[in-house]
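Reminder, nothing fancy here: chain letters follow the sequence lines and each chain counts from 1.
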Protein chains: 2
Amino acid sequence: MPDKKIVLDEHEIPDHWYNVVADMPNSPEPVLGPDGNPITPDMLTPLFASGVIEQEVSTERWIPIPEEVREIYRLWRPSPLHRALRLEAALGTPARIYYKNEGVSPAGSHKPNSAVAQAYYNKQDGIKRLVTETGAGQWGSALALAGQMFGIEVLVYMVRISYEQKPFRRSMMETWGAGVVASPSDQTQAGRNVLAEDPTSSGSLGIAISESVEVAATHDDTNYALGSVLNHVLLHQTVIGLEAKKQFAIVGDYPDMIFAPCGGGSNFGGVAFPFFADKAAGKSVRLVAVEPTSCPTLTRGHYAYDFGDVAGMTPLTKMYTLGHDFMPPGIHAGGLRYHGDSALVSQLHHEQLVEACAVNQLETFEAGVIFARQEGIVPAPESNHAIAAVISEALRCKETGEAKTLFFNLSGHGHFDMAAYDRFFAGELEDYEYPEEDINAALSRLPQVD
Amino acid sequence: MPDKKIVLDEHEIPDHWYNVVADMPNSPEPVLGPDGNPITPDMLTPLFASGVIEQEVSTERWIPIPEEVREIYRLWRPSPLHRALRLEAALGTPARIYYKNEGVSPAGSHKPNSAVAQAYYNKQDGIKRLVTETGAGQWGSALALAGQMFGIEVLVYMVRISYEQKPFRRSMMETWGAGVVASPSDQTQAGRNVLAEDPTSSGSLGIAISESVEVAATHDDTNYALGSVLNHVLLHQTVIGLEAKKQFAIVGDYPDMIFAPCGGGSNFGGVAFPFFADKAAGKSVRLVAVEPTSCPTLTRGHYAYDFGDVAGMTPLTKMYTLGHDFMPPGIHAGGLRYHGDSALVSQLHHEQLVEACAVNQLETFEAGVIFARQEGIVPAPESNHAIAAVISEALRCKETGEAKTLFFNLSGHGHFDMAAYDRFFAGELEDYEYPEEDINAALSRLPQVD
């Protein structure tokens, strides 16, 4: 009987993060300021701690994880690698399916991997408060937890639709001592602008980012924390893939294909980048980012410079984007409702080193229920995207007889998403294919960069 | 730096359950039928699988865990043993605090340890459907999961107050394919009787048990499953304590005191009984059952024969009881709202081999928030009872300077209990001391047994 669950001792928590920049065939495209010139690290200091700014621009392959951060990681890391033997049997596939369970963190997802690091570096800089946005609530919970661990106040702008759909995510953040505000709010100019145009706005990550950045930029003791997209966030998440590599070595297997849901890219980068190092060295491994058809950034967006937020307060990043004023439908995978993507993931996708596919909402919930009934764990809607893609591939392997090794990151559990499952069972969920003309219209409004 | 988390490989899941009966100084008191005579195993066959009936009356010390059950355990077991270093530091105590985290199961508590075993033995007997009651929803979730794993239908009577307070527990059970009905319901005679007297009844475990037993007794293909109280349930839970002993051996420590919340006793028995084996052999270890002041079975009840349910359909068990018609206040620790207790725990308490204490609701939530802010995990309200008792003891150690080793079972996470935390933060939760006269009145209605 093969191992069903491969656990590591806490001493095997990685002591370095892996920086994919060192192995990319081309340097990252520069990030541009409002004047169209590349921004310099010191321009980021009003928003970010010096430690994370260094990481944002680093080209070093290995970056040490501070002992204080590993100390907090030890509360739940290393996370287990599971072999989904029951799922394989239920599908009748010759494929071997593995998943890393990041839902074991106290906040219920992979997000604390970066939140803890960011809280640490801000504490080092004497910052008293962190402000952030959250979509599904996963990132806000993670930062609330991390702030509590290092004695830093946390203020979270939570996308209104999630605030309403997931009230208990708010309770959880409050249990860890954070303040939570529904976004768009009347507390910021960015929020008031949106509400003036649409008083019933259900919000978006882009809007909530604008609000958070505004608060951080206007308060000296306050910094901003972003839960995805930026290089340093993906860097912190590489503990996932680094642990997984040790775990695969223990069972003597190696993935042919790696799947992860992709919104801003932290989940995907976290699990896939450490394997990219092998790919860059010639090893055969396919890295597949899975996104919703309702927010098809990598699969249908343009690779262009755009703002990270709705109000255009952030620097310009070259990335796959649907336009920074894109307003995705209110799907339940709140963490994937983002118009843009990580610059690193985008560049690697543009260079055809990373693949992408999009799945519809109903298929993702069908996949999540199949998974829950075989493997026990009820997954987060975001994670269901990876599961849907893996099930498709496993069924393809069944047809071809290929005994591929498929690996995905179970980014989080769905304990705070049961209302979405209720709606799925009640037949109330819808599929969304974003209209081509809407995407084109949004793209036509991209900022012009020479 | 001491280990913060002691993990075991899945091959170290125990291969036998430990039966405390073999080490008790006196044989268990007989269970009595309606005629006052001891019941025989065959009288239980309308309700239970043959495998669990054998275990219910077994005096063997070690009972093999079927490979099919261990196979399902592997989805999440062994559970980690954590050293609560941050909590210790925050309390400034010289005590060493450890907890076993049973919240890592897919259902979020220790309950699947028995649910999986019960589903297995019923499958062996060709049973098509299991019916059960649930208070906080933990047991119902566990049986829904276990039924799904073995292809058995599951019907759950959920105590109405929990059904209303925790709608997402219902969603979770439905995700695993179970049917869920609020109790008291109009589907059974027992439920209709209660509703006739009090149409707004918020229900109780005792009522829900009556409904479940009635359905099982009146359908040939349907058996009943109980999530606590009975000997075989406590037996299945001993995997917790057995794993913990291996984990303590790894770090070279051993508990001076063990704490667990105690409603029906499965959590307490599961963690404490394997250490009772050492105690019976002369080792010094104190076993402390922690219950709510609102339902103070061990601390204020009578040790007497009583029914396990409200309607008096179950056999009579000698146990600590508040009277089978006792209606506990609607505290949020739904899993502890039971008038009686395990016969084994009761007898050991009566013989002064097991201690008990009661804590008030507010203190338990205060303790839970302290724990969440130090250790990350947001605990279930039931678990908060053990945490409150441990914090008291740790602070006592701080005064005396004793470096005791304190160990408790974190029976589950609080992801489905955030409404209770909300109410706690809003100052809406109350303490309850059950009035002496009410307890006396209920006790005066105990069934008379010669």
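Closest non-hydrogen pair, M149(A) versus E375(B), comes out as CE-C, 4.3 Å. The shortest non-hydrogen separation linking T175(B) to V378(A) is CG2-CG2, 4.3 Å.
With a 4.5 angstrom heavy-atom cutoff, L8(A) touches chain B only via backbone atoms. Contact annotation for F425(A): only side-chain heavy atoms (C-beta onward) come within less than 4.5 Å of a heavy atom of chain B. Interface remark: A107(A) contributes no atoms to any contact with chain B (heavy atom separation under 4.5 Å). The contact between A419(B) and chain A is made by backbone and side chain atoms together, counting heavy-atom distances below 4.5 Å. Looking at V104(A), there are no atoms closer than 4.5 Å to chain B (heavy atoms on both sides), in backbone or side chain. D3(A) touches chain B through backbone and side chain together, each having a heavy atom under 4.5 Å away. Proximity to chain B involves both the backbone and the side chain of L75(A), based on heavy atoms less than 4.5 angstrom apart. Interface residue F168(B): backbone and side-chain heavy atoms are both found under 4.5 Å from chain A. Contact annotation for P78(A): both backbone and side-chain heavy atoms come within less than 4.5 Å of a heavy atom of chain B. Looking at R170(A), only its side chain comes within 4.5 Å of chain B, counting heavy atoms on both sides.
Enclosure of atom NZ in K246(A) by more than 12 non-hydrogen atoms of other residues, nucleotides or ligands within 6.0 angstrom is indicated.
Separation of the F416(A) and H415(B) ring centroids falls under the 6.0 Å cut-off.
The most heavy-atom pairs under 4.5 Å with chain A, out of G103(B), P167(B), G414(B), P106(B), come from P106(B). The candidate from Q148(A), K4(A), H413(A) with the greatest count of non-hydrogen atom pairs under 4.5 Å with chain B is K4(A).
Once rounded to the nearest 0.5 Å, the distance linking CD of E174(B) with CZ of F424(A) reads 13.0 Å. The CE atom of M418(A) lies 10.0 Å from the CE atom of M173(B); values are rounded to the nearest 0.5 Å. Distance NE2/H11(B) to NZ/K5(A): 9.5 Å, rounded to 0.5 Å. Atom CD of E10(B) and atom NE2 of H82(A) lie 9.5 Å apart (nearest 0.5 Å).
Between W76(A) and I377(B) the shortest side-chain heavy-atom distance does not fall below 4.5 Å.
With salt bridges taken as basic N to acidic carboxylate O contacts below 4.0 Å, none links R86(A) and E71(B).
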